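Here's the structure we're looking at; comments come further down.
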Amino acid sequence: MQIQWITIRVADLEKSKRFYADFLGMRLEQEFSPSPAMTIVFFAAENGAKIELISGPPARTAPAVPAVSIGIGSSDYAALLQSARE
């Protein structure tokens with residue numbers, strides 16, 4: 001299993017972007033707005049780890065995004081899922 005990204009809901013997107021780019025030296029990888037009130041930004045570190053910043057309210061039709069979530073990957077997702085179910 002490998003941690004691929006960490007999602008952080010932020011109040012001040014511009015300040016957060018400066019922190020991850022200027023202070024930590026991460027590379028801005030992608031920025032988009034799935035709705036007018038929300039912006040999502042991905043930063044990548046040299047080792048491939050990613051930080052996802054979300055600014056704006058969660059969509060009313062979707063479950064609320066927690067303040068922090070961790071995205072994981074596995075080379076054998078089926079086995080990982082079976083193990084979790086057991």
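Any value given below was found using the heavy atoms of this structure, including those in side chains, with hydrogens, waters and symmetry copies removed. The shown structure was predicted, so the numbers you read here are calculated from the model rather than taken from an experiment.
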Problem set entry | For S55, the option from V41, I40, V10 that meets side-chain contact (heavy atoms from CB on, under 4.5 Å) | V10

Exercise. Under 3.5 Å, side chain of S16 to main-chain N/O of D12, donor-acceptor pair present?
Worked result: yes

Exercise. Measuring from L53:CG to I8:CD1, what's the distance to the nearest 0.5 Å?
Worked result: 6.0 Å

Problem set entry | Separation between CG of D76 and CD of Q82, rounded to the nearest 0.5 Å | 11.0 Å

For this session: Output yes when a side-chain donor or acceptor of R27 lies under 3.5 Å from a complementary backbone atom of A21, and no otherwise.
Result: no

Problem set entry | F32, CZ atom: more than 12 neighbouring heavy atoms under 6.0 Å | yes

Problem set entry | CE-CZ distance between M38 and R9, expressed to the nearest 0.5 angstrom | 5.0 Å

Exercise. So do the side chains of Y20 and F42 get within less than 4.5 Å of each other, counting heavy atoms only?
Worked result: no

